[in-house]
Amino acid sequence: MSQAIRAVRGMNDILPAEAPLWTHFESVVRDWLAAYGYRELRTPILEHTGLFKRAIGEVTDIVEKEMYTFVDELNGESLTLRPEGTASGVRAVIEHNLLFDGGKRLWYMGPMFRHERPQKGRYRQFHQVGVEALGFAGPDLDVEHLLMTARLWKRLGLAHHVRLEINTLGGAASRARHRDKLIAYFETRREQLDEDAQRRLYSNPLRILDSKNPAMREMVEAAPKLMDELDEDALNHFAAVRQGLEDAGIAYRINPRLVRGLDYYNYTVFEWITDCLGAQGTVCAGGRYDGLVEQLGGKPAPACGFAMGVERLLALLAETGQTFAEPAPDAYIVNVGEAAGRFAQRAAETLRDAGLAVVLHGGGGSFKSQMKKADASGARHALIIGEDEAVAGELSIKPLRGGGEQRRVALDAAAMLLQAASTNPET
């Protein structure tokens, strides 16, 4: 007997028992995004590697360690499974000239891929919902995104389980001044830097501030602060974002060490964090990336957005005791005999034409064994068809939930009775 093939480690199946929670989440998300006027964008999961190197930054964990990259044998091109969605979204906007008539509010949902050690809440194939607003300058869209996410937590019943942290990275000139001061500061403490920090000292010193190494925490806390280098425009932008949050009554904390892991951010950055999932506490993050459209070859255009990890949010829903069962069928058809089987197929299609959810038993078996399956299905009614019923064009309706008498009726009458029961479960 050959050995069974298993799924790739860190790439998980979503089983039927888990799917209702995903379906519920996706339904809530679609309604929520429609309420804000965002339109769906679907991009390929495979892109040219250069897209992510240019957008994310070559000296980042994602590009250096985590991307699934390979050479296409057909033409020798280097291709990468998308590790995040913003770069693909901006590429599509540029390629199809979507900003020709003004700003666009867009969203996407789907799998992303990063080659890292799998652990709870951190997988090699994971799913994100991303929201991007391109072509809109000013802090009002930053505020909209923060208000949007706050509303989603309410709809999902998670408002009391997440908290908001914000920061500003300012503009290019502010970051350049800060970068010089960071390099000078860390150069005098080089012996305290770990391997990653030493590697990033001259290429991306801002990322050192995001280090999770506890041995460097005190040194990092004492490093020069970007807030001290911000110009008036950046300070005014950040003040407007804060005012918008305060006007809406949304609590937040300014975290001056919040820098995000991608090079394209400027001005506002934010994270929604939970304490319920251990180390993988960030469930949603984003900010403004005004230079990315031009960086990827488009005409200069402001932009901001955010992404949320679906698996982490579903884990948080489960952690907070929320469960979602798949809707039960209206009826389960039990049938024994050749003529009964043929009539059962016709009856099932007729009832589905009437808008009912019907499971037709398959695989044969006795009435007794089939009735057990009918009960286990969660259906409110079993529809019993034997040879006599098939000849007469009738079926017997047996209530499985809430009592009631079994009755034998014509197929058309069965459809009306089941429709009435579906509309009014008390009947």
Would you find more than 12 non-hydrogen atoms of other residues, nucleotides or ligands less than 6.0 Å from [X] atom [atom1]?
X: Arg177; atom1: CZ; value: yes
X: Asp194; atom1: CG; value: yes
X: Gln3; atom1: CD; value: no
X: Arg401; atom1: CZ; value: yes
X: Lys225; atom1: NZ; value: yes

Interatomic spacing from [atom1] in [X] to [atom2] in [Y] - rounded to 0.5 Å:
X: His160; Y: Lys154; atom1: NE2; atom2: NZ; answer: 9.0 Å
X: Leu81; Y: Leu46; atom1: CG; atom2: CG; answer: 5.5 Å
X: Asn213; Y: Met219; atom1: CG; atom2: CE; answer: 8.0 Å

Do the side chains of [Y] and [X] get nearer than 4.5 Å, heavy atoms only?
X: Leu356; Y: His381; value: no
X: Arg114; Y: Arg122; value: no
X: Trp32; Y: Val29; value: yes
X: Leu313; Y: Leu158; value: yes
X: Pro83; Y: Glu66; value: no
X: Asn335; Y: Gln345; value: no
X: Arg242; Y: Ile254; value: yes
X: Val310; Y: Phe126; value: no

Looking only at atom types and distance, does a side-chain atom of [X] sit under 3.5 Å from a main-chain N or O of [Y], one as donor and one as acceptor?
X: Asn167; Y: Leu258; value: yes
X: Asn266; Y: Gly171; value: no
X: Ser88; Y: Gly85; value: no
X: Asn255; Y: Ile166; value: no
X: Gln198; Y: Leu193; value: yes
X: Thr268; Y: Arg288; value: no
X: Ser27; Y: His24; value: no
X: Thr80; Y: Met67; value: no
X: Asp72; Y: Glu77; value: no
X: Glu229; Y: Arg175; value: no

Next on the checklist: The test is side chain to side chain contact (heavy atoms under 4.5 Å, CB included); show your working for Val28 and Leu152 and say whether it passes.
Outcome noted: CA-CA 8 Å; Val28 170; Leu152 179 61; 4.0 Å; yes
Next on the checklist: Using salt bridge (charged side-chain N to carboxylate O under 4.0 Å, His left out), reason through Glu338 and Arg342 one step at a time and then give a plain yes or no.
Outcome noted: CA-CA 6 Å; Glu338 183 179 347; Arg342 293 199 303 271; 3.2 Å; yes
For [X] versus [Y], what's the shortest heavy-atom pair and its separation?
X: Ala133; Y: Tyr38; answer: CB-OH, 4.0 Å
X: Met148; Y: Leu33; answer: CE-CD2, 3.9 Å
X: His161; Y: Thr274; answer: O-OG1, 2.8 Å
X: Ala379; Y: Ala328; answer: N-CB, 4.3 Å
X: Pro205; Y: Phe186; answer: O-CE1, 4.4 Å
X: Leu134; Y: Leu106; answer: CD1-CD1, 4.0 Å

Checklist entry - Where do Leu383 and Leu418 land on the side chain to side chain contact (heavy atoms under 4.5 Å, CB included) test, with the steps shown first? => result CA-CA 10 Å; Leu383 307 183; Leu418 291 171; 3.9 Å; yes
Next on the checklist: For Tyr185, does the six-membered ring have the charged nitrogen or CZ of Arg189 within the cation-pi criterion, i.e. under 6.0 angstrom from the centroid and within 45° of the normal?
Outcome noted: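 Arg189 over Tyr185 ring: yes.
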Next on the checklist: Go through it in stages, so that I can follow the logic: the residues are Asp375 and Lys372, the test is salt bridge (charged side-chain N to carboxylate O under 4.0 Å, His left out), and I'd like the CA-CA distance, side-chain angles, deciding distance and then a yes or no.
Outcome noted: CA-CA 5 Å; Asp375 188 51; Lys372 288 182 179 179; over 6 Å; no
Next on the checklist: Tell me which one of Leu230, Thr168, Asp233 satisfies side chain to side chain contact (heavy atoms under 4.5 Å, CB included) with Phe238.
Outcome noted: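 So, applying the side chain to side chain contact (heavy atoms under 4.5 Å, CB included) to Phe238 and each of Leu230, Thr168, Asp233, only Thr168 qualifies.
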Next on the checklist: For Tyr108 and Gln128: C-alpha separation, side-chain torsions, deciding distance, then whether side chain to side chain donor-acceptor pair (under 3.5 Å) applies.
Outcome noted: CA-CA 8 Å; Tyr108 54 85; Gln128 285 187 342; 4.7 Å; no
Judged by modelled atom types alone, do [X] and [Y] share a side-chain donor-acceptor pair under 3.5 Å?
X: Gln295; Y: Tyr289; value: no
X: Tyr332; Y: Gln370; value: no
X: Gln125; Y: Tyr68; value: no

Next on the checklist: With salt bridge (charged side-chain N to carboxylate O under 4.0 Å, His left out) as the rule and sequence neighbours excluded, what pairs involving residues 90-112 come up?
Outcome noted: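 Of all non-adjacent pairs touching residues 90-112, those that pass salt bridge (charged side-chain N to carboxylate O under 4.0 Å, His left out) are Glu47-Arg91, Arg91-Glu95, Asp101-Lys104, Arg105-Glu144.
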Item to check | Trace of the side chain to side chain contact (heavy atoms under 4.5 Å, CB included) decision for Tyr36 with Val131 | outcome: CA-CA 11 Å; Tyr36 284 86; Val131 172; over 6 Å; no
Next on the checklist: side chain to side chain contact (heavy atoms under 4.5 Å, CB included), that's the test. Do Arg151 and Leu147 meet it? Break it down for me.
Outcome noted: CA-CA 6 Å; Arg151 182 177 296 276; Leu147 268 56; over 6 Å; no
Side chains of residues 8-15: which donor-acceptor pairs under 3.5 Å do they make with residues two or more places apart or in other chains?
none

